[in-house]
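Right, one structure below, let's go through it.
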Amino acid sequence: MSDNIILSLAQARELSESILMDNGFSEDHAKSITDVILACQQDDCHSHGLFRLLMCTQSMKFGRINGSAKPAIVDAAPSVVKADANGGISLLAMDAALPLLIEKTKKNGIAALAINRCFHFSALWPEVEKLSAAGLAGLAMVPSHAWVAPAGGSRGTLGTNPLAFSWPRQGQHPFTFDFATSQFARGEIELYRRAGKPLPEGVAIDKEGQPTTDAEAAMGGAMLTFGDYKGSALSIMIELLAGPLIDDLTSKESMEAANGQPEAPYHGEIIIAFDPNLLSGGKAAANNDRAERLFADIIDQGARLPSQRRYQARERNLARDAVEIPQTLYNDLLALRK
Ligand code: NDP
Ligand code: PYC
């Protein structure tokens, strides 16, 4: 990358926390948000790293986010945790509910956490990796705003709806993937627009329903799902599981609630955790070896596991104690300090 600025990890943390607190977030929200933003920046996940501070602070301007909301955690059933984010960003609710989700999963083999009434802007892999760090497998899903056309359609109905999964591995980074069910995440399109770069073909259509590679036209038109009808079906599943199933909003309802304001989406999130030991009847170690055979067979062919790029970026950035962002983004972030 050219015209970039390099920040130490401590400088990046200080920048993020101070911007958030200057713009109305309490210290505990600022810390939870910064933990995830910094984890992304450290792993070179640029669309959900420091760039997302723009979305957090811009959303604050419209007065609907409660920057000092205290999440309410409810032990709803033997395998169900409910977390009411009370109009705050999702991440503090996730942090507060995680210990009970882990406890229930280890007791019952499977448990779900439903986070309700949250503003949501973040990547999901840090959440499922917290589960795999506790020896569990995890799955997380959220809707967003109705920016994405269903396969065969011509207008935004679905969200960019990410799906994340993590599987614990002994002495190694977990097997994790986390992707939008749209061809591109919205954040990625925003980065193309900021850089003045054309999008690849097949990512979006314009207001008239015609294919476009112009990021601005794409944002005014509709994004496309990955894998045609297959990604579209997965995206609809996410709308249902993280929406009506948990008594929260779909992407279309979230967009309607924003009433035209460029806010972070407001909805729910579902996280499902699995205990490999209880679900395998106490045979997790033997079955772990079988999972490793699967991974080895993939790597042996020269294919890579998802998240490998990310783990390499983390190692590199931790070793040099640095993250790198465009100078233009840095300037925009400095302007948010008060
Ligand atoms: P990417 O397309 O960048 O990556 C998707 C996943 O595929 C990653 O796990 C990636 O691993 C892996 N991958 C990429 N290339 C390969 C390959 N050649 N072989 C094997 N695996 C590969 O993700 P998106 O742009 O779709 O999403 C980016 C982020 O945006 C996600 O973290 C998501 O949670 C977030 N998001 C959040 C939303 C929200 O509403 N909160 C909405 C939409 C997206 P690696 O990272 O190592 O390349
Ligand atoms: O990149 O699609 C996206 C996104 C939506 C909300 C947060 N990120």
Side-chain angles (χ1 to χ4, degrees), residues 35-36 38-40 42-45 73 75-83 91 93-115 122-142 162-179 234 237-238 241-242 245-246 269-319:
D35 285 348
V36 168
L38 213 56
C40 285
Q42 196 173 277
D43 284 14
D44 286 353
C45 296
I73 310 303
D75 183 342
S79 280
V80 180
V81 185
K82 296 275 280 176
L91 296 167
M94 171 68 194
D95 287 348
L98 187 69
L100 187 55
L101 175 64
I102 292 173
E103 184 188 315
K104 283 182 176 295
T105 310
K106 289 193 169 170
K107 196 164 170 193
N108 298 306
I110 184 164
L113 164 62
I115 303 178
S122 51
L124 300 185
W125 63 260
E127 304 185 348
V128 287
E129 286 196 352
K130 283 181 182 155
L131 294 171
S132 53
L136 306 175
L139 201 53
M141 293 166 240
V142 274
L163 177 67
F165 173 75
S166 192
W167 171 273
R169 299 177 71 190
Q170 295 267 311
Q172 303 197 57
H173 289 303
F175 169 89
T176 304
F177 67 76
D178 177 16
F179 50 71
L234 278 180
M237 176 193 78
I238 294 169
L241 293 182
L245 181 78
I246 62 166
E269 173 174 356
I270 187 162
I271 298 145
I272 305 163
F274 310 85
D275 184 326
N277 205 40
L278 283 182
L279 288 169
S280 67
K283 296 186 204 153
N287 286 297
N288 187 52
D289 290 346
R290 297 179 49 239
E292 288 304 319
R293 275 192 67 207
L294 173 69
F295 299 139
D297 199 40
I298 293 167
I299 295 164
D300 182 55
Q301 306 173 40
R304 77 151 163 107
L305 296 181
S307 294
Q308 191 180 309
R309 174 207 60 83
R310 204 161 55 68
Y311 298 141
Q312 285 165 352
R314 182 183 307 172
E315 204 174 311
R316 194 171 57 246
N317 289 332
L318 284 176

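Only a predicted model underlies this, so the values are computations on that prediction, with no experimental measurement involved. Residue numbers count from 1 along this sequence.
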For [X] against [Y], the heavy-atom pair lying closest together:
{"X": "N108", "Y": "P78", "answer": "ND2-O, 2.8 Å"}
{"X": "L136", "Y": "P168", "answer": "O-CD, 3.3 Å"}
{"X": "C45", "Y": "R309", "answer": "SG-NH2, 3.7 Å"}
{"X": "N287", "Y": "K283", "answer": "ND2-O, 2.8 Å"}
{"X": "S122", "Y": "V36", "answer": "CB-CG1, 4.0 Å"}
{"X": "T105", "Y": "L278", "answer": "O-CD1, 4.0 Å"}

Got a second to check how far [X]'s [atom1] is from [Y]'s [atom2], nearest 0.5 Å?
{"X": "L91", "Y": "E269", "atom1": "CG", "atom2": "CD", "answer": "8.0 Å"}
{"X": "I246", "Y": "I115", "atom1": "CD1", "atom2": "CD1", "answer": "8.0 Å"}
{"X": "I110", "Y": "F274", "atom1": "CD1", "atom2": "CZ", "answer": "4.5 Å"}
{"X": "R316", "Y": "D43", "atom1": "CZ", "atom2": "CG", "answer": "10.0 Å"}
{"X": "L163", "Y": "L139", "atom1": "CG", "atom2": "CG", "answer": "5.5 Å"}
{"X": "L241", "Y": "I272", "atom1": "CG", "atom2": "CD1", "answer": "6.5 Å"}

Below 4.5 Å, heavy atoms only, C-beta onward: do [X] and [Y] meet side chain to side chain?
{"X": "L101", "Y": "I271", "answer": "yes"}
{"X": "R169", "Y": "F295", "answer": "yes"}
{"X": "Q312", "Y": "D44", "answer": "no"}
{"X": "I102", "Y": "L131", "answer": "yes"}

Show the numbers, then the answer: is there a side chain to side chain contact (heavy atoms under 4.5 Å, CB included) between K104 and L113?
CA-CA 10 Å; K104 283 182 176 295; L113 164 62; over 6 Å; no
Mind running side chain to side chain contact (heavy atoms under 4.5 Å, CB included) on I270 and L245 for me, showing each step along the way?
CA-CA 9 Å; I270 187 162; L245 181 78; 4.0 Å; yes
Side chain to side chain contact (heavy atoms under 4.5 Å, CB included) evaluation trace for F175 with S132:
CA-CA 9 Å; F175 169 89; S132 53; over 6 Å; no
If you count the non-hydrogen atoms of other residues, nucleotides and ligands that lie under 6.0 Å from CD in Q172, is the total more than 12?
yes
Inspect the surroundings of CD in E292 and state if more than 12 heavy atoms from other residues, nucleotides or ligands are less than 6.0 Å away.
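Yes.
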Could you tell me how the ring of H173 sits relative to the ring of Y311: parallel (under 30°), tilted (30 to 60°) or perpendicular (over 60°)?
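Correct class here is parallel.
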Using a 3.5 Å distance criterion without hydrogens, assess whether the side chain of T176 forms a donor-acceptor pair with backbone atoms of S307.
no
Determine, step by step, whether F177 and V128 satisfy the side chain to side chain contact (heavy atoms under 4.5 Å, CB included) criterion, reporting the C-alpha distance in whole Å, the side-chain angles of both residues, the deciding distance to 0.1 Å, and the verdict.
CA-CA 9 Å; F177 67 76; V128 287; over 6 Å; no
Quick test of your reading of the model: are D95 and K130 salt-bridged, counting only N-O distances below 4.0 Å?
yes
